[in-house]
Amino acid sequence: MTTASTPLAEALAEALARERGLAAQVSDLRQLPGGASKETWQLTLTVARGAWRGEHALILLRQMGGKIYAHALDLLDEFRVMEAAYSAGVPTPRPFAALPGLLGRPAVLVERLPGESIGRKVVKQPELSSARARLAQQLGAALAAIHRTDLDATRLRSLLAAPAAGQTPAQAQIAQLERDLDRVGEPHPAIELCLRWLRRHEPPPPERLVLVHGDYRIGNVLVTPEGLAGVIDWEFAHLGDPLEDLAWGLIREWRFGADTRRFGGVGLAEDFFAAYAAAGGEPLEQQHADYWEIMHNVRWAVGTLNQAERHLSGAEPNLEFASLGRRCAEMELEALLLIEAAPAATRKDE
Amino acid sequence: MQDRPTARELVEAAAQFLSAELLPAVADPRLRFRSLIAANVLAIVARELAAGAAPLRDELRRVGDLLGVDGDDRVSVEALEAELLRLRRALCTQIRQGQLDDQAAFARVLRYGRDSAIARLRIANPRYLERVLPAPQGQGG
(Lines give C-alpha, C1' and ligand atoms only; values in the text may rest on other atoms or scores of the structure.)
Protein backbone atom coordinates (compact mmCIF):
# COMPACT_ATOMS: atom_id res chain seq x y z
CA MET A 1 0.00 0.00 0.00
CA THR A 2 1.33 3.40 -0.96
CA THR A 3 0.19 6.31 1.15
CA ALA A 4 -0.51 9.18 -1.19
CA SER A 5 0.47 12.68 -0.18
CA THR A 6 -0.85 14.57 -3.16
CA PRO A 7 -2.87 17.74 -2.52
CA LEU A 8 -6.02 15.88 -3.61
CA ALA A 9 -5.42 13.00 -1.18
CA GLU A 10 -4.74 15.41 1.65
CA ALA A 11 -7.80 17.52 0.87
CA LEU A 12 -9.92 14.37 0.74
CA ALA A 13 -8.76 13.20 4.17
CA GLU A 14 -9.36 16.67 5.60
CA ALA A 15 -12.84 16.94 4.06
CA LEU A 16 -13.83 13.53 5.47
CA ALA A 17 -12.58 14.54 8.90
CA ARG A 18 -14.40 17.88 8.76
CA GLU A 19 -17.69 16.79 7.26
CA ARG A 20 -18.04 13.19 8.41
CA GLY A 21 -15.84 13.09 11.49
CA LEU A 22 -13.84 10.25 9.96
CA ALA A 23 -10.19 9.69 10.83
CA ALA A 24 -9.31 8.24 7.45
CA GLN A 25 -6.17 7.62 5.47
CA VAL A 26 -6.21 7.86 1.65
CA SER A 27 -4.01 5.52 -0.36
CA ASP A 28 -3.57 4.18 -3.91
CA LEU A 29 -5.21 7.29 -5.34
CA ARG A 30 -5.06 7.31 -9.13
CA GLN A 31 -7.08 8.75 -11.98
CA LEU A 32 -9.00 6.47 -14.33
CA PRO A 33 -9.61 7.18 -18.02
CA GLY A 34 -12.94 8.27 -19.42
CA GLY A 35 -15.78 10.48 -18.29
CA ALA A 36 -16.99 13.35 -20.45
CA SER A 37 -18.39 15.40 -17.59
CA LYS A 38 -16.49 14.23 -14.54
CA GLU A 39 -13.08 13.06 -13.44
CA THR A 40 -12.89 9.55 -12.04
CA TRP A 41 -10.34 8.42 -9.45
CA GLN A 42 -9.95 5.21 -7.54
CA LEU A 43 -8.60 4.97 -4.02
CA THR A 44 -8.49 2.97 -0.84
CA LEU A 45 -9.77 4.57 2.31
CA THR A 46 -8.62 3.21 5.65
CA VAL A 47 -10.81 4.27 8.56
CA ALA A 48 -9.33 3.79 12.02
CA ARG A 49 -12.48 3.61 14.13
CA GLY A 50 -16.23 4.03 14.26
CA ALA A 51 -18.99 2.55 12.12
CA TRP A 52 -16.87 2.75 8.95
CA ARG A 53 -13.80 1.10 10.51
CA GLY A 54 -11.82 -0.87 7.97
CA GLU A 55 -10.60 -0.59 4.39
CA HIS A 56 -12.91 0.67 1.66
CA ALA A 57 -12.31 0.38 -2.06
CA LEU A 58 -13.86 3.58 -3.38
CA ILE A 59 -14.36 5.70 -6.46
CA LEU A 60 -14.00 9.48 -6.26
CA LEU A 61 -15.94 11.46 -8.84
CA ARG A 62 -15.13 15.14 -9.37
CA GLN A 63 -17.28 17.54 -11.33
CA MET A 64 -15.70 19.04 -14.45
CA GLY A 65 -16.93 22.12 -16.27
CA GLY A 66 -18.77 20.50 -19.13
CA LYS A 67 -22.12 18.85 -19.44
CA ILE A 68 -23.32 17.02 -22.55
CA TYR A 69 -26.78 18.44 -22.06
CA ALA A 70 -27.73 21.55 -20.13
CA HIS A 71 -30.28 19.57 -18.11
CA ALA A 72 -27.85 16.98 -16.73
CA LEU A 73 -27.76 16.76 -12.93
CA ASP A 74 -24.84 18.20 -11.06
CA LEU A 75 -22.78 15.66 -9.18
CA LEU A 76 -24.32 16.31 -5.75
CA ASP A 77 -27.87 15.80 -7.04
CA GLU A 78 -26.69 12.71 -8.90
CA PHE A 79 -25.42 11.44 -5.56
CA ARG A 80 -28.87 11.90 -4.01
CA VAL A 81 -30.39 9.87 -6.86
CA MET A 82 -27.84 7.11 -6.23
CA GLU A 83 -28.75 7.10 -2.54
CA ALA A 84 -32.43 6.75 -3.43
CA ALA A 85 -31.78 3.97 -5.95
CA TYR A 86 -29.44 2.12 -3.61
CA SER A 87 -31.99 2.24 -0.80
CA ALA A 88 -34.64 0.97 -3.24
CA GLY A 89 -32.57 -2.16 -3.82
CA VAL A 90 -31.18 -1.25 -7.24
CA PRO A 91 -27.78 -2.84 -7.90
CA THR A 92 -25.65 0.32 -7.92
CA PRO A 93 -22.49 1.35 -6.06
CA ARG A 94 -23.19 2.16 -2.41
CA PRO A 95 -22.95 5.95 -1.94
CA PHE A 96 -20.31 6.83 0.68
CA ALA A 97 -20.01 10.62 1.01
CA ALA A 98 -20.83 13.87 -0.79
CA LEU A 99 -18.11 16.54 -0.58
CA PRO A 100 -19.45 19.81 -1.97
CA GLY A 101 -16.17 21.74 -2.13
CA LEU A 102 -13.22 19.36 -2.50
CA LEU A 103 -10.42 21.62 -3.78
CA GLY A 104 -13.09 23.99 -5.00
CA ARG A 105 -15.15 21.45 -6.92
CA PRO A 106 -18.10 19.21 -6.01
CA ALA A 107 -17.03 15.60 -5.48
CA VAL A 108 -18.57 12.36 -4.27
CA LEU A 109 -17.25 9.07 -2.96
CA VAL A 110 -18.99 5.81 -3.85
CA GLU A 111 -18.25 2.12 -3.42
CA ARG A 112 -15.89 0.67 -6.07
CA LEU A 113 -17.64 -2.33 -7.58
CA PRO A 114 -15.77 -4.79 -9.76
CA GLY A 115 -16.56 -5.08 -13.44
CA GLU A 116 -16.06 -3.72 -16.93
CA SER A 117 -18.12 -0.73 -18.05
CA ILE A 118 -16.65 0.03 -21.50
CA GLY A 119 -19.41 -0.98 -23.89
CA ARG A 120 -17.18 -2.25 -26.67
CA LYS A 121 -15.48 -4.64 -24.24
CA VAL A 122 -18.72 -5.81 -22.62
CA VAL A 123 -20.03 -6.70 -26.07
CA LYS A 124 -16.86 -8.37 -27.39
CA GLN A 125 -14.60 -9.76 -24.63
CA PRO A 126 -14.57 -13.59 -24.70
CA GLU A 127 -14.34 -13.80 -20.87
CA LEU A 128 -17.66 -11.94 -20.61
CA SER A 129 -19.60 -14.30 -22.88
CA SER A 130 -21.35 -15.97 -19.94
CA ALA A 131 -22.27 -12.53 -18.62
CA ARG A 132 -23.72 -11.50 -21.98
CA ALA A 133 -26.09 -14.48 -21.87
CA ARG A 134 -27.56 -13.07 -18.62
CA LEU A 135 -27.45 -9.32 -19.15
CA ALA A 136 -30.79 -8.82 -20.91
CA GLN A 137 -32.54 -10.63 -18.07
CA GLN A 138 -30.54 -8.97 -15.27
CA LEU A 139 -30.86 -5.47 -16.72
CA GLY A 140 -34.60 -5.98 -17.25
CA ALA A 141 -35.02 -6.91 -13.58
CA ALA A 142 -32.78 -4.06 -12.36
CA LEU A 143 -34.75 -1.56 -14.44
CA ALA A 144 -38.00 -2.70 -12.85
CA ALA A 145 -36.40 -1.94 -9.45
CA ILE A 146 -35.32 1.53 -10.63
CA HIS A 147 -38.83 2.32 -11.86
CA ARG A 148 -40.32 1.10 -8.55
CA THR A 149 -38.30 3.65 -6.53
CA ASP A 150 -40.67 5.57 -4.25
CA LEU A 151 -40.47 9.17 -5.47
CA ASP A 152 -41.97 10.68 -2.34
CA ALA A 153 -40.19 8.72 0.38
CA THR A 154 -36.87 9.46 -1.35
CA ARG A 155 -37.85 13.10 -2.10
CA LEU A 156 -36.88 12.59 -5.73
CA ARG A 157 -40.22 14.04 -6.81
CA SER A 158 -39.10 17.48 -5.70
CA LEU A 159 -35.45 17.07 -6.75
CA LEU A 160 -35.77 15.85 -10.33
CA ALA A 161 -36.99 17.54 -13.48
CA ALA A 162 -40.34 16.37 -14.79
CA PRO A 163 -42.37 17.25 -17.89
CA ALA A 164 -44.13 20.61 -17.53
CA ALA A 165 -47.80 20.49 -16.47
CA GLY A 166 -49.94 19.46 -19.41
CA GLN A 167 -46.96 17.97 -21.26
CA THR A 168 -46.35 14.25 -21.74
CA PRO A 169 -42.79 12.89 -21.39
CA ALA A 170 -42.58 12.49 -25.18
CA GLN A 171 -43.75 16.06 -25.79
CA ALA A 172 -41.26 17.33 -23.21
CA GLN A 173 -38.44 15.41 -24.88
CA ILE A 174 -39.39 16.69 -28.36
CA ALA A 175 -39.58 20.28 -27.09
CA GLN A 176 -36.18 19.89 -25.42
CA LEU A 177 -34.64 18.53 -28.63
CA GLU A 178 -36.11 21.42 -30.63
CA ARG A 179 -34.61 23.88 -28.16
CA ASP A 180 -31.20 22.12 -28.31
CA LEU A 181 -31.34 22.12 -32.11
CA ASP A 182 -32.26 25.81 -32.23
CA ARG A 183 -29.45 26.67 -29.86
CA VAL A 184 -26.89 24.89 -32.08
CA GLY A 185 -28.36 26.88 -34.92
CA GLU A 186 -27.58 24.64 -37.90
CA PRO A 187 -30.43 23.55 -40.18
CA HIS A 188 -30.94 19.74 -40.08
CA PRO A 189 -34.04 18.88 -42.14
CA ALA A 190 -33.80 15.14 -41.38
CA ILE A 191 -33.89 15.80 -37.63
CA GLU A 192 -36.79 18.23 -38.06
CA LEU A 193 -38.63 15.61 -40.07
CA CYS A 194 -38.10 12.98 -37.37
CA LEU A 195 -39.26 15.37 -34.65
CA ARG A 196 -42.35 16.16 -36.69
CA TRP A 197 -43.06 12.44 -37.12
CA LEU A 198 -42.59 11.90 -33.37
CA ARG A 199 -45.07 14.70 -32.61
CA ARG A 200 -47.68 13.09 -34.84
CA HIS A 201 -47.26 9.46 -33.72
CA GLU A 202 -47.03 9.72 -29.98
CA PRO A 203 -48.19 6.61 -28.11
CA PRO A 204 -50.45 6.97 -25.05
CA PRO A 205 -48.56 8.61 -22.16
CA PRO A 206 -47.70 6.53 -19.07
CA GLU A 207 -50.20 6.27 -16.25
CA ARG A 208 -47.61 7.52 -13.77
CA LEU A 209 -44.16 9.07 -13.93
CA VAL A 210 -41.24 7.00 -12.63
CA LEU A 211 -37.59 7.53 -11.79
CA VAL A 212 -35.96 7.31 -15.23
CA HIS A 213 -32.22 6.59 -15.20
CA GLY A 214 -31.89 8.48 -18.46
CA ASP A 215 -28.78 6.73 -19.83
CA TYR A 216 -29.64 3.07 -19.21
CA ARG A 217 -27.52 1.01 -21.58
CA ILE A 218 -24.48 -1.17 -22.01
CA GLY A 219 -21.59 1.21 -21.29
CA ASN A 220 -23.20 2.54 -18.11
CA VAL A 221 -23.29 -0.75 -16.22
CA LEU A 222 -20.50 -2.69 -14.54
CA VAL A 223 -20.25 -6.24 -15.82
CA THR A 224 -18.26 -9.16 -14.38
CA PRO A 225 -18.20 -12.73 -15.75
CA GLU A 226 -21.22 -13.36 -13.49
CA GLY A 227 -23.14 -10.55 -15.16
CA LEU A 228 -24.48 -7.23 -13.85
CA ALA A 229 -22.54 -5.83 -10.87
CA GLY A 230 -24.04 -2.34 -10.77
CA VAL A 231 -25.75 0.48 -12.65
CA ILE A 232 -23.70 3.69 -12.83
CA ASP A 233 -23.83 7.19 -14.40
CA TRP A 234 -27.07 8.64 -13.06
CA GLU A 235 -26.54 12.24 -14.25
CA PHE A 236 -29.48 12.11 -16.69
CA ALA A 237 -31.98 10.88 -14.10
CA HIS A 238 -35.37 12.54 -14.27
CA LEU A 239 -39.07 11.80 -13.88
CA GLY A 240 -40.53 10.35 -17.02
CA ASP A 241 -41.94 7.47 -19.02
CA PRO A 242 -40.62 3.95 -18.24
CA LEU A 243 -40.36 3.42 -22.01
CA GLU A 244 -37.54 5.97 -22.15
CA ASP A 245 -35.24 3.59 -20.27
CA LEU A 246 -36.67 0.50 -21.98
CA ALA A 247 -35.76 1.81 -25.44
CA TRP A 248 -32.49 3.75 -24.97
CA GLY A 249 -30.41 0.59 -24.74
CA LEU A 250 -31.83 -0.66 -28.04
CA ILE A 251 -30.44 1.97 -30.39
CA ARG A 252 -27.76 0.88 -32.81
CA GLU A 253 -25.14 3.16 -31.26
CA TRP A 254 -25.29 1.18 -28.04
CA ARG A 255 -24.93 -2.22 -29.74
CA PHE A 256 -21.23 -1.46 -30.22
CA GLY A 257 -21.07 -3.16 -33.60
CA ALA A 258 -23.03 -6.28 -32.61
CA ASP A 259 -25.93 -4.99 -34.69
CA THR A 260 -28.08 -8.10 -34.74
CA ARG A 261 -28.46 -8.22 -30.95
CA ARG A 262 -30.87 -5.33 -30.54
CA PHE A 263 -30.54 -5.06 -26.80
CA GLY A 264 -27.15 -3.45 -26.32
CA GLY A 265 -25.33 -5.87 -28.62
CA VAL A 266 -25.73 -8.53 -25.91
CA GLY A 267 -29.25 -9.92 -26.12
CA LEU A 268 -32.77 -9.90 -27.44
CA ALA A 269 -35.06 -6.96 -26.76
CA GLU A 270 -37.84 -9.50 -26.09
CA ASP A 271 -35.83 -11.10 -23.25
CA PHE A 272 -35.09 -7.69 -21.75
CA PHE A 273 -38.78 -6.68 -21.88
CA ALA A 274 -39.94 -10.04 -20.50
CA ALA A 275 -37.53 -9.84 -17.54
CA TYR A 276 -38.70 -6.29 -16.84
CA ALA A 277 -42.35 -7.40 -16.75
CA ALA A 278 -41.53 -10.54 -14.72
CA ALA A 279 -39.82 -8.33 -12.10
CA GLY A 280 -42.91 -6.18 -11.72
CA GLY A 281 -42.47 -3.58 -14.47
CA GLU A 282 -45.52 -2.53 -16.47
CA PRO A 283 -45.87 -4.80 -19.51
CA LEU A 284 -45.23 -2.79 -22.67
CA GLU A 285 -46.38 -2.63 -26.26
CA GLN A 286 -43.54 -3.49 -28.63
CA GLN A 287 -44.43 -0.67 -31.01
CA HIS A 288 -44.26 1.89 -28.22
CA ALA A 289 -40.67 0.85 -27.59
CA ASP A 290 -40.10 1.20 -31.34
CA TYR A 291 -41.36 4.79 -31.11
CA TRP A 292 -38.91 5.60 -28.33
CA GLU A 293 -36.07 3.92 -30.23
CA ILE A 294 -36.67 6.48 -32.98
CA MET A 295 -36.89 9.28 -30.39
CA HIS A 296 -33.60 8.19 -28.89
CA ASN A 297 -31.77 8.07 -32.20
CA VAL A 298 -32.88 11.67 -32.69
CA ARG A 299 -31.79 12.45 -29.14
CA TRP A 300 -28.31 11.09 -29.83
CA ALA A 301 -28.18 12.85 -33.22
CA VAL A 302 -28.81 16.14 -31.43
CA GLY A 303 -26.38 15.02 -28.74
CA THR A 304 -23.56 14.78 -31.28
CA LEU A 305 -24.32 18.35 -32.38
CA ASN A 306 -24.29 19.51 -28.76
CA GLN A 307 -20.94 17.82 -28.24
CA ALA A 308 -19.43 19.36 -31.37
CA GLU A 309 -20.74 22.75 -30.19
CA ARG A 310 -18.74 22.41 -26.97
CA HIS A 311 -15.64 22.42 -29.16
CA LEU A 312 -16.84 24.90 -31.79
CA SER A 313 -17.93 27.50 -29.25
CA GLY A 314 -14.39 27.53 -27.89
CA ALA A 315 -15.69 26.51 -24.45
CA GLU A 316 -13.88 23.16 -24.45
CA PRO A 317 -11.52 22.67 -27.38
CA ASN A 318 -11.45 18.89 -27.80
CA LEU A 319 -10.90 16.69 -30.86
CA GLU A 320 -13.33 13.99 -29.71
CA PHE A 321 -16.19 16.47 -29.27
CA ALA A 322 -15.36 18.05 -32.63
CA SER A 323 -15.37 14.69 -34.42
CA LEU A 324 -18.81 13.77 -33.05
CA GLY A 325 -20.39 16.46 -35.21
CA ARG A 326 -19.66 14.32 -38.28
CA ARG A 327 -21.43 11.34 -36.74
CA CYS A 328 -24.82 13.04 -36.67
CA ALA A 329 -25.72 11.62 -40.10
CA GLU A 330 -25.45 8.05 -38.71
CA MET A 331 -28.30 8.63 -36.27
CA GLU A 332 -30.29 10.65 -38.82
CA LEU A 333 -30.13 7.74 -41.25
CA GLU A 334 -31.02 5.19 -38.57
CA ALA A 335 -34.05 7.20 -37.40
CA LEU A 336 -35.28 7.70 -40.98
CA LEU A 337 -34.90 3.99 -41.79
CA LEU A 338 -36.85 3.11 -38.62
CA ILE A 339 -39.60 5.57 -39.57
CA GLU A 340 -39.78 4.05 -43.05
CA ALA A 341 -40.13 0.62 -41.46
CA ALA A 342 -42.74 1.69 -38.86
CA PRO A 343 -46.00 -0.20 -39.39
CA ALA A 344 -48.66 1.77 -41.23
CA ALA A 345 -51.10 1.20 -38.34
CA THR A 346 -49.19 3.68 -36.22
CA ARG A 347 -48.83 6.25 -38.99
CA LYS A 348 -51.61 8.84 -38.85
CA ASP A 349 -50.50 10.28 -42.18
CA GLU A 350 -51.59 7.14 -44.03
CA MET B 1 -1.96 27.07 -57.24
CA GLN B 2 0.26 25.37 -54.70
CA ASP B 3 2.99 22.88 -55.46
CA ARG B 4 2.45 19.14 -55.00
CA PRO B 5 1.60 17.44 -52.70
CA THR B 6 -1.99 18.60 -52.99
CA ALA B 7 -4.05 19.32 -49.90
CA ARG B 8 -5.55 15.85 -50.14
CA GLU B 9 -2.15 14.19 -50.50
CA LEU B 10 -0.80 16.04 -47.47
CA VAL B 11 -3.76 15.07 -45.33
CA GLU B 12 -3.43 11.45 -46.44
CA ALA B 13 0.25 11.48 -45.54
CA ALA B 14 -0.52 12.84 -42.07
CA ALA B 15 -3.27 10.22 -41.57
CA GLN B 16 -0.87 7.50 -42.63
CA PHE B 17 1.75 8.75 -40.17
CA LEU B 18 -0.76 8.76 -37.31
CA SER B 19 -2.07 5.25 -37.87
CA ALA B 20 1.09 3.48 -39.08
CA GLU B 21 3.83 5.18 -37.04
CA LEU B 22 2.45 7.11 -34.09
CA LEU B 23 -0.33 4.80 -32.87
CA PRO B 24 1.81 1.66 -32.41
CA ALA B 25 4.12 3.71 -30.18
CA VAL B 26 1.42 5.18 -27.92
CA ALA B 27 0.67 3.19 -24.75
CA ASP B 28 -1.60 5.58 -22.81
CA PRO B 29 -5.20 4.51 -23.60
CA ARG B 30 -6.57 8.07 -23.64
CA LEU B 31 -3.85 9.26 -26.02
CA ARG B 32 -4.37 6.20 -28.21
CA PHE B 33 -8.07 6.93 -28.39
CA ARG B 34 -7.48 10.52 -29.42
CA SER B 35 -4.79 9.55 -31.93
CA LEU B 36 -7.27 7.16 -33.53
CA ILE B 37 -9.81 9.95 -33.72
CA ALA B 38 -7.19 12.25 -35.28
CA ALA B 39 -6.37 9.65 -37.93
CA ASN B 40 -10.05 9.16 -38.60
CA VAL B 41 -10.71 12.89 -38.86
CA LEU B 42 -7.91 13.26 -41.42
CA ALA B 43 -9.36 10.37 -43.44
CA ILE B 44 -12.70 12.22 -43.51
CA VAL B 45 -11.00 15.38 -44.75
CA ALA B 46 -9.18 13.41 -47.46
CA ARG B 47 -12.44 11.92 -48.73
CA GLU B 48 -14.10 15.34 -48.62
CA LEU B 49 -11.31 16.92 -50.64
CA ALA B 50 -11.49 14.06 -53.15
CA ALA B 51 -15.24 14.48 -53.59
CA GLY B 52 -14.94 18.22 -54.28
CA ALA B 53 -18.10 20.25 -54.81
CA ALA B 54 -20.12 17.41 -56.38
CA PRO B 55 -21.99 16.38 -53.17
CA LEU B 56 -22.84 20.04 -52.52
CA ARG B 57 -24.31 20.53 -55.99
CA ASP B 58 -26.17 17.24 -55.71
CA GLU B 59 -27.82 18.15 -52.42
CA LEU B 60 -28.58 21.68 -53.62
CA ARG B 61 -30.44 20.16 -56.58
CA ARG B 62 -32.38 17.78 -54.32
CA VAL B 63 -33.42 20.34 -51.76
CA GLY B 64 -34.15 22.85 -54.54
CA ASP B 65 -36.52 20.30 -56.13
CA LEU B 66 -38.35 19.90 -52.82
CA LEU B 67 -38.85 23.63 -52.41
CA GLY B 68 -39.49 24.37 -56.09
CA VAL B 69 -36.39 26.55 -56.49
CA ASP B 70 -33.70 26.24 -59.09
CA GLY B 71 -30.54 27.64 -57.59
CA ASP B 72 -27.62 25.71 -58.98
CA ASP B 73 -25.94 28.50 -60.92
CA ARG B 74 -23.29 29.29 -58.31
CA VAL B 75 -19.64 28.84 -58.93
CA SER B 76 -17.71 29.02 -55.68
CA VAL B 77 -17.98 26.40 -52.96
CA GLU B 78 -18.75 29.18 -50.46
CA ALA B 79 -21.70 30.40 -52.52
CA LEU B 80 -22.99 26.84 -52.92
CA GLU B 81 -22.75 26.26 -49.18
CA ALA B 82 -24.49 29.53 -48.34
CA GLU B 83 -27.34 28.76 -50.73
CA LEU B 84 -27.68 25.22 -49.43
CA LEU B 85 -27.86 26.44 -45.84
CA ARG B 86 -30.51 28.96 -46.83
CA LEU B 87 -32.64 26.29 -48.52
CA ARG B 88 -32.15 23.81 -45.67
CA ARG B 89 -33.35 26.49 -43.25
CA ALA B 90 -36.44 27.12 -45.35
CA LEU B 91 -37.15 23.40 -45.45
CA CYS B 92 -36.73 23.08 -41.67
CA THR B 93 -39.22 25.89 -41.09
CA GLN B 94 -41.79 24.29 -43.41
CA ILE B 95 -41.39 20.91 -41.69
CA ARG B 96 -41.75 22.31 -38.18
CA GLN B 97 -44.79 24.38 -39.15
CA GLY B 98 -46.49 21.27 -40.47
CA GLN B 99 -46.60 22.38 -44.12
CA LEU B 100 -45.20 19.06 -45.33
CA ASP B 101 -47.38 16.70 -43.29
CA ASP B 102 -49.36 15.15 -46.11
CA GLN B 103 -48.27 11.67 -47.05
CA ALA B 104 -46.69 12.42 -50.43
CA ALA B 105 -44.76 15.51 -49.25
CA PHE B 106 -43.59 13.72 -46.12
CA ALA B 107 -42.36 10.75 -48.18
CA ARG B 108 -40.45 13.07 -50.53
CA VAL B 109 -38.72 14.87 -47.67
CA LEU B 110 -37.95 11.55 -46.01
CA ARG B 111 -36.29 10.31 -49.19
CA TYR B 112 -34.26 13.52 -49.44
CA GLY B 113 -33.22 13.22 -45.79
CA ARG B 114 -32.14 9.63 -46.29
CA ASP B 115 -30.17 10.39 -49.45
CA SER B 116 -28.57 13.42 -47.83
CA ALA B 117 -27.51 11.37 -44.80
CA ILE B 118 -26.12 8.65 -47.07
CA ALA B 119 -24.18 11.22 -49.11
CA ARG B 120 -22.67 12.72 -45.93
CA LEU B 121 -21.78 9.27 -44.61
CA ARG B 122 -19.93 8.42 -47.83
CA ILE B 123 -17.52 11.11 -46.66
CA ALA B 124 -17.81 10.82 -42.87
CA ASN B 125 -18.08 7.05 -42.36
CA PRO B 126 -18.33 4.76 -45.41
CA ARG B 127 -17.88 1.68 -43.21
CA TYR B 128 -21.00 2.57 -41.26
CA LEU B 129 -22.95 2.64 -44.52
CA GLU B 130 -21.69 -0.83 -45.41
CA ARG B 131 -22.94 -2.03 -42.05
CA VAL B 132 -26.44 -0.58 -42.13
CA LEU B 133 -27.37 -0.68 -45.79
CA PRO B 134 -27.72 -4.33 -46.85
CA ALA B 135 -27.12 -3.63 -50.56
CA PRO B 136 -25.74 -0.61 -52.44
CA GLN B 137 -28.47 2.01 -52.54
CA GLY B 138 -29.02 5.62 -53.55
CA GLN B 139 -27.14 7.54 -56.20
CA GLY B 140 -23.44 8.22 -56.43
CA GLY B 141 -22.34 11.16 -54.28
Side-chain angles (χ1 to χ4, degrees), chain A residues 31-35 118 120-121 174 177-178 181-182 185-197 199-201 252-253 255 257-260 297 301 304 311 318-342 344 347-350, chain B residues 28-38 40-41 44-45 48 59 62-63 66-67 84-125 127-129 131-133 138:
Chain A
Q31 192 174 358
L32 303 176
I118 295 173
R120 182 171 36 81
K121 294 187 180 172
I174 293 166
L177 291 172
E178 284 177 350
L181 199 52
D182 291 345
E186 296 162 9
H188 284 268
I191 295 178
E192 291 288 350
L193 194 73
C194 292
L195 288 170
R196 187 70 193 161
W197 187 90
R199 277 208 184 279
R200 301 175 69 222
H201 297 85
R252 192 187 293 269
E253 176 74 2
R255 295 178 211 157
D259 287 349
T260 55
N297 273 288
T304 63
H311 170 85
N318 177 303
L319 179 63
E320 183 187 356
F321 299 157
S323 70
L324 276 170
R326 291 295 186 101
R327 297 203 45 218
C328 182
E330 295 174 21
M331 275 58 74
E332 286 185 11
L333 179 59
E334 178 76 354
L336 293 172
L337 293 175
L338 289 171
I339 287 174
E340 277 185 329
R347 297 177 61 165
K348 288 181 202 158
D349 53 356
E350 286 185 358
Chain B
D28 178 79
R30 275 167 292 184
L31 263 184
R32 278 190 69 80
F33 182 57
R34 295 206 173 168
S35 304
L36 266 173
I37 294 174
N40 187 43
V41 159
I44 293 173
V45 175
E48 190 164 327
E59 187 183 345
R62 285 169 200 267
V63 71
L66 278 178
L67 294 167
L84 184 52
L85 281 176
R86 193 181 69 80
L87 295 185
R88 273 193 192 170
R89 260 180 230 291
L91 184 57
C92 284
T93 305
Q94 289 192 12
I95 294 167
R96 201 181 285 194
Q97 290 175 348
Q99 294 168 33
L100 300 166
D101 282 348
D102 83 79
Q103 193 192 332
F106 191 89
R108 272 200 309 278
V109 182
L110 198 145
R111 205 173 319 121
Y112 152 74
R114 196 192 57 196
D115 290 345
S116 158
I118 290 172
R120 278 174 285 146
L121 287 169
R122 287 215 173 88
I123 305 289
N125 194 349
R127 281 165 62 191
Y128 179 85
L129 274 186
R131 246 173 69 200
V132 303
L133 297 181

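By convention in this document, chain letters (A, B, ...) are assigned in the order of the sequence lines, proteins followed by strands, and residues within each chain are numbered from 1. This one's a predicted model, so the numbers in the text were calculated from it and none came from an experiment. Both backbone and side-chain heavy atoms feed into the values below; hydrogens, waters and symmetry mates do not.
With respect to the salt-bridge test (charged N to carboxylate O, under 4.0 angstrom), the residues B:Glu59 and B:Arg88 qualify.
The contact between B:Val109 and chain A is made by backbone and side chain atoms together, counting heavy-atom distances below 4.5 Å. Residue contact with chain A, scored on non-hydrogen atoms closer than 4.5 Å, involves the backbone and the side chain of B:Ile37 alike. Only the side chain of A:Arg196 comes within less than 4.5 Å of a heavy atom of chain B; its backbone N, CA, C and O stay farther away. Heavy atoms closer than 4.5 Å to chain A are found nowhere in B:Leu100, neither backbone nor side chain. Contacts between B:Ile44 and chain A at a heavy-atom distance below 4.5 Å involve the side chain alone, from C-beta outward.
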(message) Does B:Leu91 form a side-chain contact (heavy atoms from CB on, under 4.5 Å) with B:Tyr112? I'd like the steps, not just the answer.
(response) CA-CA 11 Å; B:Leu91 184 57; B:Tyr112 152 74; 3.5 Å; yes
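With chain A as partner, the option from B:Gly98, B:Ala90, B:Ala107 having the largest number of non-hydrogen pairs under 4.5 angstrom is B:Gly98. The most heavy-atom pairs under 4.5 Å with chain B, out of A:Ala322, A:Ala190, A:Ser323, A:Ala329, come from A:Ala329.
Rounded to the nearest 0.5 Å, atoms CG (B:Asp102) and CZ (B:Arg108) are 7.0 Å apart. One finds the CZ atom of B:Arg120 at 10.0 Å from the CZ atom of A:Arg326 (value rounded to the nearest 0.5 Å). Taking CZ from A:Arg327 and CG from B:Asn40, the interatomic distance works out to 9.5 Å, rounded to the nearest 0.5 Å.
At least one donor-acceptor pair closer than 3.5 Å links the side chain of B:Ser35 to the backbone N or O of B:Leu31.
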